[in-house]
S.K.: 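Please see the structure below; I have some questions.
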Amino acid sequence: MSTLKAVRGTRDLLPPETELWNRVEETARRVFARYNFGEIRTPIFEDTSLFARSVGEETDIVSKEMYTWEDRARAQSEKAQSLTLRPENTAGVVRAYIEHKLGDKGLLQKLFYIGPQFRRERPQKGRYRQFWQIGAEVIGPPSAGSESPLRDAEVLEMLASFLNELGIKDWKLTLNSVGSASDRPRYIAALREALKDKAPKMCVDCQRRAETNPLRVLDCKVPEDQPIIEALPKIAEYLDDDSKTHFAAVCAALDACGVPYEVNPRLVRGLDYYTRTTFEFSHGGLGAQNALLGGGRYDGLSEAIGGPKAPGIGFAIGEDRLILTLQAQAEAAPGGLADAYVAPLGEAMNAPALELARELRRTGLRIELGDGSFRLKKSFEVGNKLASRIVLFGEDEQKSGILTVKDFATGEQVKVARADLIHHLRG
RNA sequence: GCGGCUAUAGUUCAGCGGCAGAACGCCUGACUGUGGCUCAGGAUGUCGUGGGUUCGAUCCCCACUAGCCGCCCCA
C-alpha cells in the first residue's frame with residue numbers, strides 16, 4: 001500500500017519557512033492598516049455562477065481550471081447546487097459588498113484579504129493548485145469617488161511601499177489601460193480584423209490566439225512575430241477621452257510621488273472584468289511565473305453580477321511567489337535559536353525543570369526544555385543546536401540555588417543565582 | 001491540457017543485468033557533570049508504485065504517480 005501524500009499541486013508549509021509567511025502577512029497587515037483597509041474573510045467556496053459571471057465564461061480559469069462539484073440537494077424537490085472552490089477572491093469580495101449593501105454607506109470600502117485560492121493547473125515552481133493570495137479592493141458608489149484615478153495611484157503606491165518594506169529588490173511595475181467596457185470590445189474587433197491576413201504569417205500559437213483570444217497575441221514572445229505585432233492597432237488608439245484622461249491622471253500621480261513604472265500597451269490581463277487601469281509587479285528569477293502580483297480596475301463587475309454600480313480597483317499578490325523571491329534573495333535565515341536550553345540532570349529533575357522553564361518563559365524568554373534522561377554530553381549537543389546558552393539544573397543546583405550557565409558562542413561558563421537567572425539570560 | 005527531464009539512506013547525490021555506495025547528518029565510545037575540533041567504531045534503504053523481459057532487474061521495456069523545466073495561462 002502506498003503511503004498517503006499531499007495531493008498534487010498542494011504542499012505542507014513547515015518551519016522555519018512558516019516564519020517567512022508570517023513576516024509577509026504581518027507586513028501586509030501593517031502597511032494596509034496605514035491606508036485604513038479593513039480585513040474581509042469570504043467563504044472558500046461559492047456558487048459556481050459567481051465566477052462564471054465575473055471572471056468570464058470563456059477564460060481559462062472558468063472553462064478548465066475550477067474545482068467544481070454538485071452539492072447534495074437539500075430536499076427532494078430541490079435541485080443540486082453547483083459549488084466551486086474559489087479560483088480568486090475579487091468575485092467573492094464584490095458579492096459580499098453587494099450582499100451586505102456596503103455601498104449604501106456612501107463611502108468607499110477598502111477591504112483586504114489573505115487566503116488560499118484553488119486552480120487546477122499543471123503544477124510548477126511558483127504555481128500550485130492551492131496557492132495563497134494577499135489582495136485588496138477599493139470599491140464604492142461613484143459618488144464616493146470610486147472611479148477617481150487617485151485611487152488607482154494610491155493602491156499602486158501602497159504596493160510599492162509594501163514590497164519595499166518587505167525587502168523585495170528589483171521589482172518592476174508595468175502599467176496599461178485596457179479601456180472602458182465599451183472601448184475594449186471595439187478594440188478587440190479591430191484586432192480581429194487586422195489579424196485576418198496577418199495571423200497566417202505568425203507562429204502557430206498566435207494563429208490559435210487570433211481565433212480564441214486576440215488580446216493574447218500581443219503577449220507573444222516569438223522574435224519573428226514582433227514586427228507584425230508592432231504594426232497591429234494599439235489599445236491606446238481606441239481609448240475614449242475619459243479613459244485617456246483617467247490613465248494620464250494615474251501616471252501623473254505616480255510621477256508626483258516617485259513610484260517608478262513602465263507603460264506597456266501590450267499588458268493585457270486574462271480576467272474579463274478588468275477595465276481601464278491594469279497592472280503587474282514582476283520580478284526576474286521566478287522563471288516562467290514572473291508575475292508577483294497583478295490587478296486592475298473593474299468598473300462594471302458589480303453590475304455584471306446583479307449589484308449596484310460600484311466601480312473598483314484591486315490586486316492580488318501571489319504569496320507563494322513572494323516567498324520564493326524572498327528565499328532567492330537569501331537573506332540568510334536568522335536561525336531561530338532559543339535564549340536558553342534548560343537541561344535537567346537526571347529524570348528526577350524533569351518536573352522541577354519544567355517549573356523553572358515556566359518561570360523563565362513567563363518573562364518572555366524563549367526556552368527549550370531538555371530531558372533528564374539525556375546524558376550530560378547529549379544535553380550539550382542538543383542544546384548547542386537549539387539555543388545560545390545552556391542552563392544546567394541538577395540536584396546540586398536545586399539545593400544550592402546556584403545554577404550553571406554556559407554560553408555556547410563564547411564557551412564562557414558562570415554560576416548564577418536562580419534569582420538572577422532572568423536578568424542574566426536577558427543580557 | 002501538451003512536450004521534455006528526473007525519482008537510490010534523514011539530506012545532497014554517485015552507481016551497476018549478479019552482496020546497495022559516498023559525503024554530510026545520526027548513534028556509540030575515547031571523555032561516568034561539559035558541546036563545537038579530532039580520532040575509533042556503528043546503523044542507515046520496500047533503489048517512487050505496479051506490471052513485463054530475464055536464470056537473475058535498483059539497472060532494460062511499459063504503465064501509473066510525483067517533482068522540476070518549457071508551452072498554455074495566471075498570482
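Here is the naming used below: chain letters follow the sequence lines, and residue numbers restart at 1 for every chain. The structure displayed is predicted, hence computed values, not measured ones. Scope of the values below: all heavy atoms of this structure, side chains included, with no hydrogens, waters or symmetry mates.
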S.K.: Of the nucleotides rU28(B), rG33(B), rA75(B), which has the atom closest to the Gln133(A) side chain?
M.R.: rA75(B)

S.K.: Looking only at atom C1', what distance separates rG17(B) and rG36(B), rounded to whole Å?
M.R.: 47 Å

S.K.: With sugar-phosphate meaning primed atoms plus P, OP1 and OP2, does Ile317(A) contact a base, only sugar-phosphate, or nothing at under 4.0 Å between heavy atoms?
M.R.: nothing

S.K.: Answer yes or no: is there a donor N or O on one side and an acceptor on the other, between the side chain of His246(A) and the main chain of Glu147(A), under 3.5 Å?
M.R.: yes

S.K.: Using purine N1 to pyrimidine N3 plus N6-O4 or O6-N4 for Watson-Crick, or N1-O2 and O6-N3 for G-U wobble, both under 3.5 Å, which nucleotide pairs with rU58(B)?
M.R.: none

S.K.: Rounded to the Å, how far apart are Tyr128(A) OH and rG67(B) C1'?
M.R.: 10 Å

S.K.: Now, which nucleotide makes the Watson-Crick or G-U wobble pair with rA75(B), with each of the two distances under 3.5 Å?
M.R.: none

S.K.: Go nucleotide by nucleotide along RNA chain B from the 5' end; which of Thr410(A) and Thr10(A) gets its closest nucleotide reached first?
M.R.: Thr410(A)

S.K.: How is Gln117(A) classified with respect to the nucleic acid when contacts are heavy atoms under 4.0 Å: base, sugar-phosphate, or nothing?
M.R.: nothing

S.K.: So does Glu230(A) pair up with Arg266(A), basic N to acidic O under 4.0 Å?
M.R.: yes

S.K.: Distance check, P atoms only: rC62(B) and rC5(B), in whole angstrom units.
M.R.: 12 Å

S.K.: Give one of base, sugar-phosphate or nothing for Arg375(A), where a contact means two heavy atoms less than 4.0 Å apart.
M.R.: sugar-phosphate

S.K.: Go ahead and name the base partner of rC64(B); Watson-Crick or wobble counts if both distances stay under 3.5 Å, otherwise write none.
M.R.: rG48(B)

S.K.: Which sits closer to the 5' end of RNA chain B, Val382(A) or Lys406(A), going by the nucleotide each is nearest to?
M.R.: Val382(A)

S.K.: Would you indicate which nucleotide in rG35(B), rC27(B), rG33(B) comes nearest to any side-chain atom of Leu345(A)?
M.R.: rG33(B)

S.K.: Could you give the distance separating rU28(B) and rU65(B) at their P atoms, to the nearest angstrom?
M.R.: 43 Å

S.K.: Using purine N1 to pyrimidine N3 plus N6-O4 or O6-N4 for Watson-Crick, or N1-O2 and O6-N3 for G-U wobble, both under 3.5 Å, which nucleotide pairs with rG41(B)?
M.R.: rC27(B)

S.K.: Mind checking if Gly411(A) touches a base, just sugar-phosphate, or nothing, with heavy atoms under 4.0 Å?
M.R.: base

S.K.: Applying a 4.0 Å non-hydrogen cut-off, can you work out what Leu392(A) is touching in the nucleic acid: base, sugar-phosphate, or nothing?
M.R.: base

S.K.: Using the C1' atom in both, what is the distance from rA43(B) to rA22(B), to the nearest Å?
M.R.: 16 Å

S.K.: For Asn164(A) and Ser161(A), does a side-chain donor sit closer than 3.5 Å to a side-chain acceptor?
M.R.: no

S.K.: Looking across every strand, which nucleic acid part, if any, lies under 4.0 Å from Gly383(A) by heavy atom: base, sugar-phosphate, or nothing?
M.R.: nothing

S.K.: Can you tell whether the side chains of Glu193(A) and Lys196(A) come within less than 4.0 Å, N to carboxylate O?
M.R.: yes

S.K.: Would you classify Gln413(A) as touching base, sugar-phosphate or nothing, given that sugar-phosphate means primed atoms plus P, OP1 and OP2, and contacts are heavy atoms under 4.0 Å?
M.R.: base

S.K.: Measure from the side chain of Pro123(A), starting at C-beta and using heavy atoms only, and say which of rC69(B), rG35(B), rG67(B) lies closest.
M.R.: rG67(B)

S.K.: Is the distance between the ring centroids of Phe112(A) and Phe37(A) under 6.0 Å?
M.R.: no

S.K.: Checking contacts here: which listed nucleotide (rA30(B), rG4(B), rC26(B)) is nearest the side-chain heavy atoms of Arg122(A)?
M.R.: rG4(B)

S.K.: Between Lys378(A) (NZ) and rU28(B) (P), how many Å, whole number?
M.R.: 6 Å

S.K.: Judged by atom type as modelled, is there a donor-acceptor pair below 3.5 Å linking the side chain of Arg119(A) to the main-chain atoms of Pro87(A)?
M.R.: yes

S.K.: By nearest atom, which of the nucleotides rU28(B), rC73(B), rC26(B) is closest to the Glu65(A) side chain?
M.R.: rC73(B)

S.K.: Rounding to an integer number of angstrom, what distance separates rG3(B) and rC59(B) when you compare their P atoms?
M.R.: 25 Å

S.K.: Looking at the side chain of Lys377(A), which of rC68(B), rA66(B), rG35(B) is the nearest nucleotide?
M.R.: rG35(B)

S.K.: Can you find a donor-acceptor N/O pair under 3.5 angstrom joining the side chain of Arg119(A) to the base of rA75(B)?
M.R.: yes

S.K.: Can you tell me how far P in rC2(B) sits from the matching atom in rC60(B), rounded to whole Å?
M.R.: 25 Å

S.K.: Select base, sugar-phosphate, or nothing to describe what Ala409(A) touches, counting heavy atoms under 4.0 Å on all strands.
M.R.: base

S.K.: As a test of reading the structure: which of rG70(B), rC68(B), rG36(B) is closest to the side chain of Gln124(A), going by heavy atoms?
M.R.: rG70(B)

S.K.: Output the single nucleotide from rG35(B), rA75(B), rC68(B) whose closest atom is nearest the side chain of Tyr274(A).
M.R.: rA75(B)

S.K.: In terms of side-chain heavy atoms of Asp60(A), which of rC72(B), rG29(B), rU34(B) is nearest?
M.R.: rC72(B)

S.K.: Under a 3.5 Å limit for both distances, which nucleotide forms a Watson-Crick or G-U wobble pair with rU32(B), could you say?
M.R.: none

S.K.: Now, which nucleotide makes the Watson-Crick or G-U wobble pair with rC19(B), with each of the two distances under 3.5 Å?
M.R.: none

S.K.: Is a side-chain donor or acceptor of Asn176(A) paired with a backbone partner of Pro265(A) at a separation under 3.5 angstrom?
M.R.: yes

S.K.: Just name whichever nucleotide pairs with rG3(B), Watson-Crick or G-U, keeping both distances under 3.5 Å, else none.
M.R.: rC69(B)

S.K.: If you measure from the ring centre of Phe131(A) to the centre of the six-membered ring in the base of rA75(B), is it under 5.5 Å, with the planes under 30° apart?
M.R.: yes

S.K.: Give me the distance, rounded to whole Å, that separates rA57(B) from rG52(B) when you measure between the P atoms they each carry.
M.R.: 11 Å

S.K.: Taking the side chain as every heavy atom from C-beta outward, state whether Arg321(A) and Phe131(A) have any pair of such atoms under 4.5 Å apart.
M.R.: no

S.K.: If you measure from the C1' atom in rC26(B) to the same atom in rA9(B), how many Å do you get, rounded?
M.R.: 11 Å

S.K.: How is Phe374(A) classified with respect to the nucleic acid when contacts are heavy atoms under 4.0 Å: base, sugar-phosphate, or nothing?
M.R.: nothing

S.K.: Compare the minimum distances between each of rA75(B), rA30(B), rA66(B) and the side chain of Ala316(A), then state the nucleotide with the smallest one.
M.R.: rA75(B)

S.K.: Which part of the nucleic acid does Glu397(A) contact within heavy-atom distance under 4.0 Å: base, sugar-phosphate only, or nothing?
M.R.: base

S.K.: Could you check whether Gly9(A) gets within reach of a base, just the sugar-phosphate, or nothing at all, counting any heavy atom under 4.0 Å?
M.R.: sugar-phosphate

S.K.: As a test of understanding, state which of Gln133(A), Glu25(A), Gln117(A) forms a side-chain contact (heavy atoms from CB on, under 4.5 Å) with Glu319(A).
M.R.: Glu25(A)

S.K.: If the glycosidic angle is within 90 degrees of 0 it's syn, otherwise anti, so just tell me which one rC19(B) is.
M.R.: syn

S.K.: What's Asp320(A) touching, base or sugar-phosphate or nothing? Going by heavy atoms closer than 4.0 Å.
M.R.: nothing

S.K.: What nucleic acid atoms does Arg120(A) come within less than 4.0 Å of, heavy atoms only: base, sugar-phosphate, or nothing?
M.R.: sugar-phosphate

